[in-house]
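All values below come from the heavy atoms of this structure, side chains included, with hydrogens, waters and symmetry mates left out. By convention here, the first residue in the shown sequence is residue 1.
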Amino acid sequence: MKKGWKTRKIGDVCSLMTGGTPSKAKHEYFGGKIKWLVSGDVHKGQIFDCEGRITEAGMKNSNAKWLPVNSVVIALNGQGKTRGTVALLRTQATCNQSLVSIYPNEPEELLPEFLYINLHSRYQEIRQMTGDSGNDRRGLNMNLIKSIEIPLAPLSEQKRLIGILDEVVEGLATAKVNAEKNLQNARALFKSHLNAVFSQRSEGWQTKTIDDVCEVVNGGTPKTGIADYWDGKHQWITPAEMGKRLTPYIGETARSLTDLGLANSSARLLPPFSVILSSRAPIGHLVINTKPMATNQGCKGLVPSKAIEHKYLYYYLTSIVDLLNDLGTGATFKEISGGKLKEVKVPICPLPEQHLIIKQLDTLSAETQRLESIYQQKLEALGELKKSLLNQAFTGDL
């Protein structure tokens with residue numbers, strides 16, 4: 001560490017406080033003028049306002065209290081990206097018990113902005129304090145936060161680094177937004193072309209239902225506690241394996257069934273080059289199997305007839321994912337039933353024209369994937385650059 005720098009625990013140099021939630025049964029406690037933060041507000045980075053409001057009575061009858069303006073707030077809970085996320089509080093506000101405010105005891109020794117940038121740069125490290133690398137989903141707490149060691153640079157050095165990092169991080173954030181926008185545009189262009197291909201129909205096209213041109217096959221799961229049903233020769237796929245694939249084709253799956261497992265479940269083997277649709281949680285992931293394959297009950301297998309090419313069907317279903325989702329029903333999670341799926345209309349053209357469409361869409365798909373790869377690499381490079389700069393800053397090398 002650079003000469004003149006020190007290391008201190010947050011609990012030794014900062015005051016920490018949390019808040020509370022007024023009784024939800026008391027409507028008069030909510031909707032007042034007092035700003036009341038919840039964990040989701042930390043994603044704003046700098047908090048100037050929030051949706052939550054409580055009344056003076058709500059504040060008086062709960063553990064909510066005023067937080068120091070310019071304090072760093074950190075989210076204690078959240079299994080998504082929330083836990084461990086920090087923000088700078090730029091307004092007078094209270095909070096619930098899912099947030100902790102951290103404010104330097106001596107602002108002339110530690111600037112809140114310096115503390116914020118340091119904790120922001122250590123997001124993964126802080127999450128792992130709660131067992132994030134395994135199945136342990138405990139939240140952060142006051143004692144854990146107090147134990148975090150932070151570097152203390154001379155005040156002039158803190159101000160210099162804040163000035164540099166503010167400018168650099170803002171530039172990286174802009175570059176990231178542009179890369180993400182380019183990535184979205186590439187995907188939108190492909191989807192737009194898909195829709196155009198299937199809406200511009202020429203002479204000889206017919207409208208059929210999926211039931212007319214495919215056999216719809218349901219899946220199933222053998223009892224997971226019976227070892228003899230598993231790790232056999234029959235590939236078996238679930239929706240979890242189907243998302244964000246670079247290619248629609250899949251031959252090997254994470255799990256497999258034995259003859260006994262297949263016989264003792266409602267799963268059926270689909271012939272190669274069937275189209276497999278995730279029919280729930282979520283609806284709309286699509287793959288094409290290159291080997292005989294069974295599915296669980298969260299999938300529907302579509303075995304094409306001679307009237308429709310499997311890749312043509314794959315592309316068409318990709319173009320109507322939103323429609324398939326609209327057809328889903330269910331309170332806990334949406335699912336599209338076999339009956340609804342069979343009624344979905346499919347535009348059918350002669351096979352030679354299907355082949356031309358497949359060739360055209362394959363070319364466009366390959367170009368889209370090439371662009372996606374470029375933009376993803378750029379996003380990863382920006383993330384690594386940011387990490388490197390922050391590391392240099394807090395080791396005194398910037």
Visitor: Under the salt bridge (charged side-chain N to carboxylate O under 4.0 Å, His left out) rule, collect the residues that match up with Glu252, sequence neighbours excluded.
Guide: Lys291
Visitor: Taking only residues two or more places apart in sequence or in another chain, which ones pass ring pair (Phe, Tyr, Trp, His ring centres under 6.0 Å) with His310?
Guide: Phe273
Visitor: Could you list the residues that satisfy side-chain hydrogen bond (donor to acceptor under 3.5 Å, both in side chains) with Ser62, not counting sequence neighbours?
Guide: none
Visitor: List the steps and the verdict of salt bridge (charged side-chain N to carboxylate O under 4.0 Å, His left out) for Glu343 and Lys340.
Guide: CA-CA 5 Å; Glu343 294 171 1; Lys340 287 282 188 182; 5.1 Å; no
Visitor: Return the set of residues passing side-chain hydrogen bond (donor to acceptor under 3.5 Å, both in side chains) with Glu367 (not counting sequence neighbours), or none when no residue passes.
Guide: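 Testing Glu367 for side-chain hydrogen bond (donor to acceptor under 3.5 Å, both in side chains), a comparison that skips the adjacent residues, returns Arg370.
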Visitor: Decide salt bridge (charged side-chain N to carboxylate O under 4.0 Å, His left out) for Glu215 and Arg268; before the verdict, give the C-alpha distance in whole Å, the side-chain angles of both, and the deciding distance to 0.1 Å.
Guide: CA-CA 12 Å; Glu215 179 188 3; Arg268 276 181 50 193; 3.2 Å; yes
Visitor: Sequence neighbours excluded, which residues qualify as ring pair (Phe, Tyr, Trp, His ring centres under 6.0 Å) partners of Tyr316?
Guide: Phe198
Visitor: I'd like a table of donor-acceptor pairs (distance under 3.5 Å, sequence neighbours excluded) in which one partner is a side-chain atom from residues 66-74, with atom names and distances.
Guide:
unit_1: Asn70; atom_1: OD1; unit_2: Arg90; atom_2: NH1; d: 2.8
unit_1: Ser71; atom_1: OG; unit_2: Pro68; atom_2: O; d: 2.7
unit_1: Ser71; atom_1: OG; unit_2: Ser101; atom_2: OG; d: 3.1

Visitor: Tell me, please, which residues at least two apart from Tyr315 pass ring pair (Phe, Tyr, Trp, His ring centres under 6.0 Å).
Guide: none
Visitor: List for me each residue that meets side-chain hydrogen bond (donor to acceptor under 3.5 Å, both in side chains) alongside Thr55, sequence neighbours excluded, and say none if there are none.
Guide: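 side-chain hydrogen bond (donor to acceptor under 3.5 Å, both in side chains) list for Thr55, sorted by chain: empty.
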Visitor: Looking at Thr18, Thr21, Asn77, Asn63, which hits side chain to side chain donor-acceptor pair (under 3.5 Å) with Gln97?
Guide: Thr21
Visitor: Should side-chain heavy atoms under 4.5 Å link Ile, Leu, Val, Met, Phe, Trp and Tyr, which residues sit in the same cluster as Ile276?
Guide: Val217, Ile237, Met242, Ile250, Leu270, Val287, Met293, Val303
Visitor: Please give the remaining members of the hydrophobic cluster of Tyr123, linking ILVMFWY side chains under 4.5 Å, ordered by chain and number.
Guide: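 Members alongside Tyr123: none; it stands by itself.
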Visitor: When you measure from the side chain of Trp230 to the backbone N and O of Lys223, does any donor-acceptor pair fall under 3.5 Å?
Guide: yes
Visitor: With sequence neighbours left out, what residues match Lys9 under side-chain contact (heavy atoms from CB on, under 4.5 Å)?
Guide: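 So Lys9 forms a side-chain contact (heavy atoms from CB on, under 4.5 Å) with Asp12, Glu149.
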Visitor: Residues in ring pair (Phe, Tyr, Trp, His ring centres under 6.0 Å) with Phe30, at least two apart?
Guide: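 Ring pair (Phe, Tyr, Trp, His ring centres under 6.0 Å) list for Phe30, sorted by chain: Trp36.
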